Structure formats: C-alpha cells, structure tokens
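Note that this is a predicted model, so its numbers are computed, not measured.
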Amino acid sequence: MSQNIKKRSEAAQRGGRRLAQEQTRHPREEARAEAKRREESRDSRDKARVGAQTAVQEREDAVTQVRERPQSPHNRQGRKPKKDLQWLASMYLAAEHEMTRIRCRWRHIVREKRAHNFPESERLPIQMLLFVWSMIPMLGARVREVMGGRRRRSASRISALGAWMEGRRLHPVAFLCGACAMAAVAMFCSAYTIGTTVTYDGEVVAAVSSLSAAEDARSNLEKATARTLGETYTIDDSMIQYSSSLLKRQDVVDEAELEEDLSQEIGLVTSAYCLYVDGERIGATTYEGALEELLQQLKAASTNEGTISCEFAEEVEVRQEYVPTDEVMNLGYLAQTLYSTKTEEVTYEVKKGDTWSEIANSHGLTSQELLALNPGYNIDKLQIGEVLTLAASVPYLTLTVVEQERYVEDVPYDIEYTDSANLYKGDYKVISAGEYGAADVVANVTYVNGEETERTVLSSVMLREPVTEQQLRGTKERPTWAPTGTFRWPTSGHITSYFGGRKSPGGIGSTNHKGIDIANSYGTPIYAADGGTVIYSGWMSGYGYFVQIDHGNGYVTCYGHNSKLLVSVGQHVYKGQQIAKMGSTGNSTGNHCHFEIRYNGVAKNPLNYL
C-alpha cells in the first residue's frame with residue numbers, strides 16, 4: 001500500500017512541473033506559433049481557390065470543344081444541331097461551378113471558425129451571414145440573463161410573501177370559521193340550483209335546469225302529438241307557465257322526463273311500449289319490459305326440456321313511442337288478443353288433379369267445413385284456377401317450435417302371399433298373423449301452433465324385429481254373383497221411414513224400424529244390393545212377399561212388401577240383378593220397398609252402407 005501511495009505522489013509532482021513549464025513559456029514563442037498557424041491557413045485557402053478555378057476552367061474548355069465539334073455527314077445532309085441540348089449542358093455546368101464555389105467558401109469559413117480566426121470576406125451576403133452568426137452567442141447570453149433575472153424576482157416575491165405571512169398568523173378560530181363558511185357555501189351550491197318550474201293548468205308538472213330546456217320539451221311534445229294524432233297541435237300559451245327560482249337539485253329533471261310528465265298531464269297522447277307484428281301495431285302498455293315478459297311467457301308455454309328452438313314466424317318488435325291515450329290497454333286484454341285470431345282469408349288455387357275431399361283433408365278440414373267456407377260451389381265440378389277460401393281468420397302470432405323427441409315406434413311387418421286356387425281372385429286368407437317390430441327413435445319434430453309439420457329422424461335403433469305375415473291369395477275366377485263387399489240402392493224413390501224408433505204408421509208395423517222404407521209407384525223394379533245366394537223367397541207374415549239374400553261374408557239383405565217375386569231359393573244373383581217388383585203386401589200403408597241390412601244377424605242402418 002505504501003508503494004502505491006508513493007507512485008501516486010511522484011506522478012502528481014511530474015504533472016505539476018509540466019503545468020508550471022507551460023505557464024512560464026515566453027510570450028514571443030506563442031506569437032510565433034500563432035503567426036505560423038495563420039500562414040498555414042492562408043496557404044490552404046489559396047490552394048483550394050486555385051483548385052476550384054482549375055476545375056471550372058476544365059469544364060468550360062470541355063463545353064467549348066463540344067460547341068466547336070464539326071457536324072457529321074449525317075447532320076450536313078439536313079439534320080439540325082441540337083442547340084437546346086447544348087444550352088442545357090452549359091446551364092448545368094454553370095450551376096455546378098457556382099455550387100462548387102459556394103461549398104469551398106463555406107468549408108473555408110468553418111475551418112476559420114474552428115481555428116478561432118475571424119473569417120473575412122468582401123461580399124455583402126457573406127458579411128451579413130457572418131454578422132448574424134457572431135450575434136447568436138450574444139443573443140443566447142442575453143436570453144439567459146433575462147430568464148435568470150425573472151427567476152430571481154419571483155423568488156424575492158415569494159420570500160416577501162412568506163415573511164408577511166410569518167408576521168401575520170391567523171387565529172385558529174378565524175381559520176376554522178372561514179373553512180366552515182367555505183364548506184357551507186360548497187354544500188349549498190351542491191344542494192341547490194337555479195331552475196325553471198313548469199306549470200300546466202295550475203298544476204306543477206316538473207322542474208328543469210333552464211327555460212330553454214322547458215321550451216325544447218314543449219316543442220318536442222307538440223311535434224310528437226301532431227304526428228300521433230295526424231293533425232296540427234299546439235299547447236295553449238294560457239295553460240302553461242314558466243317560473244325561475246332556487247330549487248333543490250334532486251327536484252330537477254331532464255327534458256325527456258318533463259316531456260313525458262307534460263304529456264300525461266295533457267292526456268291526449270301517452271309515451272308507451274308498443275307491440276308490432278309484421279309492422280302492424282297490436283297493442284300498447286305503459287309498463288316497461290311487460291311486453292317482452294308476455295312474449296317470453298307465450299314461448300315458455302310451448303316449450304319443455306327437449307325444446308331446441310322456439311321462434312315467432314312473424315317479425316315481432318317492441319317500440320317506445322307516443323300513442324293516443326285511449327289505445328293503451330291492460331296486459332290481460334293484450335294477452336287475450338295475442339291468443340285470439342284476426343280476420344284474414346287464407347286461399348287456395350285449384351290445380352290439375354285436385355279433388356274437393358283431397359283439398360279439405362290436406363288443410364285439416366272436412367268436406368262440409370270447406371263447403372261452408374265456400375258456399376255455392378259444385379264440389380263435383382272444380383275448375384282449374386278457381387280460388388277457394390280455406391280460413392276466414394288466422395292467429396296473430398305463429399309460434400314455430402322444434403323439439404327433440406325420443407320414442408318407441410312400431411315397425412310394420414311384411415306380408416308374404418301364397419297363391420290358392422280355393423279362393424276367388426281378390427280374396428285373401430291369413431294363415432300366420434304378422435307382428436309389429438319396435439325401434440327406439442330420436443327425431444327433431446317441428447310444430448307450428450301446436451300442429452306437427454315436419455319430422456326429421458336422427459337415429460333409429462331396432463329393439464325387436466317384425467314378424468312377416470303369411471296370407472293365401474285367391475286365383476280362382478270370381479263368378480258374377482260373388483259379393484263385392486259394397487251395396488247399391490235396391491230401388492229408386494224417396495225414403496218415407498228411417499232406421500230406428502218411429503211412430504207406427506196407421507197403427508200397424510213395428511215402432512222399432514229395422515230398415516228403411518223407399519216409396520215409389522206400383523211395379524217399380526227391385527234389385528239385389530250385392531251379389532249372393534237367395535236363401536228365402538216367399539210370403540212372410542207382416543213383410544208380405546219377401547226376398548232374403550246371403551252375401552257369404554256375414555251380410556244378409558232383406559226386401560219386403562213386394563208385389564211379385566222373380567227369384568227362388570238357392571239361386572245365385574249378381575249385384576244389380578232384378579229380384580222383385582214393388583208393391584204393398586203384408587203390413588203396409590202404400591207401395592214401397594222395406595230394405596234391411598243384417599250383419600251376423602244384427603240389423604244395421606242401411607244409410608251407413610249405401
């Protein structure tokens with residue numbers, strides 16, 4: 001450590017001796033060194049000037065050579081020299097010469113500045129530039145001096161104010177009173193304000209921040225009322241008054257609230273929430289959010305845990321706007337309106353191949369209901385292009401619900417047929433009954449207002465395979481007298497007595513009529529209602545001359561009160577074959593045919609089969 005300290009002290013002594021030698025250098029030597037630096041600077045300027053002049057002279061000589069160059073034979077044949085290009089070249093060389101001279105002069109000035117020599121020039125622009133350059137340090141010093149003076153004056157003022165405050169300390173009570181007064185003023189200003197109170201027909205409506213706000217609310221209400229009622233409307237000046245006063249801030253409302261309160265006071269229009277369905281206003285209520293809740297309840301009533309979506313087919317919108325006061329309704333009536341229907345016809349244009357019954361069935365109607373909607377139409381002669389009315393009213397809202405359902409579905413069985421020569425053609429006999437299978441099905445079902453319109457099966461897993469049914473199919477030719485399974489009218493005429501209970505005509509006959517009576521003139525033909533075998537033909541007490549036909553399928557038809565019989569027992573008759581003539585034999589009050597249909601011995605109403 002002592003060696004390091006010794007080395008440092010020796011280095012400090014050597015530095016001090018060097019500094020003393022530099023300070024004691026003779027002034028004459030310094031003058032000689034300064035003169036030498038100036039001479040070297042002057043020589044460098046002269047060399048730069050001579051180099052610049054030489055370069056300019058070389059460029060001028062090159063331009064002169066270009067101008068004096070002889071023209072080529074091609075030019076002598078008629079082409080003009082390019083004087084414009086030569087002029088541009090000369091202008092470019094002159095500009096380049098001037099820029100070179102300026103750059104050389106500027107570098108010289110910078111070198112002189114760095115060498116602390118005052119630059120010299122005989123040109124006025126350069127002299128002005130040098131003057132401004134030399135003034136910059138002076139201006140900077142002046143600015144610093146002014147700013148420093150301002151800072152000193154500000155510090156002195158702050159010190160004087162502190163000294164004055166030091167000598168005049170406030171009493172704590174006075175300070176506390178002043179603070180309380182300021183707090184009281186702040187609290188008063190925060191609780192009260194200057195506002196305008198609006199009065200209509202002597203009743204205070206509301207208060208707003210200014211008279212202009214009250215006038216704006218009045219103007220907006222007048223425009224809204226005129227637009228709602230469809231006529232010009234202006235609030236009577238004698239009914240509305242304004243008064244400015246000091247008010248509590250909590251009592252001051254905005255323009256929108258004043259407009260609503262004033263409309264309620266006048267009573268012509270009311271700001272309400274209106275329900276629109278496809279652009280048609282259905283109803284209005286003053287309760288915010290009530291319509292949205294009502295629509296949600298309608299959807300909730302049609303949904304369950306399997307519901308995928310539930311949407312209205314129509315465009316449903318809730319708007320806040322002014323409506324006539326008498327159009328505001330309670331929510332119960334509005335809900336009843338949405339559940340009801342509106343008068344609007346739904347039509348259908350008849351196309352080729354349509355029938356009356358098919359049109360009715362495809363739209364969920366019976367033939368009689370469709371005829372009631374279209375009175376006067378001939379259901380047997382529809383014309384292509386005719387427009388039928390399918391509904392006279394439609395619901396206000398159509399709710400489309402898509403639900404995912406899982407259920408076990410019956411899987412139909414197949415039928416295998418075996419030809420049999422023992423059966424007539426068209427007859428079948430089951431020899432082994434089939435059984436339905438079962439499948440676990442997951443499907444998306446679409447309901448429109450509760451009616452299924454579409455079913456998309458997502459998956460189907462077979463739980464039990466169906467069992468095929470075995471049937472015999474007849475191949476034997478059917479005779480003409482074989483039963484067809486349907487019945488025709490046995491004769492023409494009008495019905496004088498129907499099936500069931502009745503008053504005994506003329507005091508004769510049964511009060512429990514087991515058939516129908518068809519009246520016509522004496523001798524009218526009586527026909528077999530279907531093919532079969534005659535099992536009775538002759539007189540039968542109250543029936544008179546009587547014919548009975550067994551149709552071989554459980555059905556038996558009876559024909560009574562005939563005047564003449566044309567068939568005998570055991571004879572096969574075909575459907576429509578004449579079997580007797582009308583008369584009034586037996587217990588009868590006039591010419592007619594008593595017609596019965598019995599199935600397995602039980603009398604049936606013939607009108608259900610004809």
Ignoring hydrogens, what is the shortest heavy-atom contact between [X] and [Y]? Give both atom names and the distance.
{"X": "His513", "Y": "Ser497", "answer": "ND1-OG, 3.2 Å"}
{"X": "Ala519", "Y": "His592", "answer": "CA-CB, 3.8 Å"}
{"X": "Ala214", "Y": "Leu258", "answer": "CA-CD2, 3.9 Å"}
{"X": "Pro490", "Y": "Tyr559", "answer": "CB-CE2, 3.8 Å"}
{"X": "Gly267", "Y": "Thr325", "answer": "O-OG1, 3.0 Å"}
{"X": "Ala421", "Y": "Thr475", "answer": "CA-OG1, 3.4 Å"}

When you measure from the side chain of [X] to the backbone of [Y], do you find a donor-acceptor pair of N or O atoms at a distance under 3.5 Å?
{"X": "Asp530", "Y": "Thr484", "answer": "yes"}
{"X": "Asn330", "Y": "Tyr333", "answer": "yes"}
{"X": "His551", "Y": "Gly531", "answer": "yes"}
{"X": "Asn562", "Y": "Leu565", "answer": "no"}
{"X": "Asn220", "Y": "Asp216", "answer": "yes"}
{"X": "Ser420", "Y": "Asn422", "answer": "yes"}

- prompt: Yes or no on side-chain hydrogen bond (donor to acceptor under 3.5 Å, both in side chains) for Thr496 and Asp517, after CA distance, side-chain angles and deciding distance?
  reply: CA-CA 6 Å; Thr496 57; Asp517 292 341; 4.6 Å; no
task: Give me the one residue out of Thr398, Asp278, Leu295 that meets side-chain contact (heavy atoms from CB on, under 4.5 Å) with Phe312.
output: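 That would be Leu295.
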query: Of Thr557, Ile535, Val569, Thr533, which is the lone residue that meets side-chain contact (heavy atoms from CB on, under 4.5 Å) with Gln548?
result: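 With Gln548 as partner, Thr557, Ile535, Val569, Thr533 yield a single side-chain contact (heavy atoms from CB on, under 4.5 Å), made by Ile535.
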Carboxylate-amine/guanidinium contact [X] [Y], below 4.0 Å:
{"X": "Asp237", "Y": "Arg218", "result": "yes"}
{"X": "Glu321", "Y": "Arg281", "result": "yes"}
{"X": "Asp440", "Y": "Arg406", "result": "yes"}
{"X": "Arg598", "Y": "Glu596", "result": "yes"}
{"X": "Glu405", "Y": "Arg455", "result": "yes"}

To the closest 0.5 Å, what do you measure between [atom1] ([X]) and [atom2] ([Y])?
{"X": "Ser492", "Y": "Met582", "atom1": "OG", "atom2": "CE", "value": "6.5 Å"}
{"X": "Gln571", "Y": "Ile549", "atom1": "CD", "atom2": "CD1", "value": "9.0 Å"}
{"X": "Phe595", "Y": "Thr491", "atom1": "CZ", "atom2": "OG1", "value": "11.0 Å"}

query: Yes or no on side-chain hydrogen bond (donor to acceptor under 3.5 Å, both in side chains) for Tyr322 and Glu259, after CA distance, side-chain angles and deciding distance?
result: CA-CA 11 Å; Tyr322 282 99; Glu259 183 179 339; 3.1 Å; yes
task: Please report the C-alpha distance between Glu349 and Lys351 in whole Å, then the side-chain angles of each, then the deciding distance to 0.1 Å, and finally whether the salt bridge (Lys or Arg N to Asp or Glu O under 4.0 Å) criterion is met.
output: CA-CA 6 Å; Glu349 183 176 348; Lys351 300 178 177 58; 5.9 Å; no
task: Among Phe499, Trp489, Tyr555, find the one that has a ring-ring contact (aromatic ring centres under 6.0 Å, His included) with Tyr609.
output: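 When ring-ring contact (aromatic ring centres under 6.0 Å, His included) is applied between Tyr609 and each of Phe499, Trp489, Tyr555, only Tyr555 qualifies.
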Centroid-to-centroid, [X] to [Y], below 6.0 Å?
{"X": "Tyr543", "Y": "His594", "result": "yes"}
{"X": "His561", "Y": "Phe546", "result": "no"}
{"X": "Tyr413", "Y": "Tyr436", "result": "yes"}

field: side-chain hydrogen bond (donor to acceptor under 3.5 Å, both in side chains) assessment of Tyr348 paired with Asp354
entry: CA-CA 11 Å; Tyr348 175 81; Asp354 284 342; 2.7 Å; yes
- request: Check the pair Lys299, Thr307 against side-chain hydrogen bond (donor to acceptor under 3.5 Å, both in side chains), reporting the backbone distance first and the verdict last.
  value: CA-CA 11 Å; Lys299 290 183 177 182; Thr307 301; over 6 Å; no
task: Flag this pair as yes if the NZ/CZ of Arg319 is under 6.0 angstrom from the six-membered ring centre of Tyr273 and inside a 45 degree cone about the axis; otherwise no.
output: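 Because its charged atom misses either the 6.0 Å distance or the 45° angle limit, Arg319 does not stack over Tyr273.
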query: Do Gln336 and Leu334 come close enough that some side-chain heavy atom pair is under 4.5 Å?
result: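 Of all side-chain heavy-atom pairs linking Leu334 with Gln336, none is under 4.5 Å.
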message: Looking only at the side chains, is there a donor atom on one of Thr193 and Lys248 sitting less than 3.5 Å from an acceptor on the other?
response: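 Looking only at side-chain atoms, Lys248 and Thr193 do not form any donor-acceptor pair under 3.5 Å.
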query: Does a side chain donor of either Thr228 or Thr225 reach within less than 3.5 Å of an acceptor in the other side chain?
result: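 The answer is no; no qualifying pair exists.
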